[in-house]
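In this chain, numbering begins with 1 at the start of the sequence shown. Whatever order the structure lists them in is the order used to number ligands and atoms, beginning at 1. Hydrogens, waters and symmetry mates play no part in the numbers below; they use all other heavy atoms, side chains included.
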Amino acid sequence: MKKILVLTVKPFAKAAVDGIKKIVGDAGYEFALLEKYETQDQMLAAVKDANALIIRSDKITKEVMDAAPNLEIVVRAGAGYDNVDLAAATEKGIVVMNTPGQNANAVAELVIGMMIYKVRNFFNGKPGTELKGKTLGLHAFGNVAQEVARIAKGIGMEIYAFDPFLTDEQISSKGVTPMHSVDELYSKSQFVSLHIPAVKETIQSINYDLLSKMPANGVLVNAARKEVIHEDNMVRFMTEHEDFSYLSDIAPDNKAVFEEKFDGRYYFSPKKMGAQTAEANINAGLAAANQIKNFFKNGDTKFKVN
Ligand code: 3PG
């Protein structure tokens, strides 16, 4: 009997776990759960006889795959799969999938929430500004960015997007003005929200030169990955530009520097929380379980990323 292990250091909502368990049971497979694990040894022991893994940001390295000789498929319940060693998986013939779009609305709501929190001075009682009429640049225009655009339109923001993988028509069909370079996007946008994956082309790509393109009172919002920021450049830029703020769902490695130097100009959530809603957990968790079932039953490899 195939064994499907939900392996999440950051647990899913109970309703999501119950839903996954039901899909797995109804399909005739064995369900197993390891949440909030604290050591690599615990993780390695749990994967030993698993045929499939459902994970979140859990790191699936070659060492983990070596410890799981029966592993056939890993589904990252979420969008970004930079936590899975794709080369090692491919070499071992392990299929890796994500569940695109399933947690997009949750992340988008957090992006808008962080922006409102910032322009209202972190709800400290002092007068702030509004988002209506302000410019918003979406750096990449995938599922999350499209949800951000939908909400920002309702607020009355002027929205631009740059995405080299989409046509102008695909962007403008969502009521968003297409841009043709990152420079153009950043120079038009008081607010920029990052929706790029962490890959070798993007790591540390948000640098001093790019930030310098932004207009006065610029705000960079990062619900993507901390690795895409050139942190030293960011610190230098913020030191030189006292009107600039940085909001991120993932604290930078040099968080202490921000705390010391940039009071009132940054926000970092204590733990990545963009996808931390019951709805996102249910959407992504159940999609992952169904994708595994379809893979085992029909060889369906839709959403394969390696
Ligand atoms: C994603 O890539 O889907 C998000 O960053 C959510 O990550 P999480 O499942 O670890 O919250």
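A donor-acceptor contact closer than 3.5 angstrom is absent between the side chains of Gln204 and Glu231. Side-chain contact check for Ser269 and Asp249: at least one donor-acceptor pair (N or O, by modelled atom type) lies under 3.5 Å. Lys10 and Ser57 form no side-chain donor-acceptor contact under 3.5 Å, judged by distance and modelled atom types alone.
The neighbour count for Phe295 CZ, taken as heavy atoms of other residues, nucleotides or ligands under 6.0 Å away, is above 12.
Within 4.0 Å of ligand 1, the residues that place a heavy atom are Lys10, Arg56, Ser57, Arg76, Gly78, Ala79, Gly80, Asn103, Arg225, Lys272, Ala275, listed by chain and number.
Salt bridge status for Lys2 with Glu72: present, with a side-chain N to carboxylate O gap under 4.0 Å.
Note: Phe262 and Phe258 meet the aromatic proximity criterion, with ring centroids under 6.0 Å apart.
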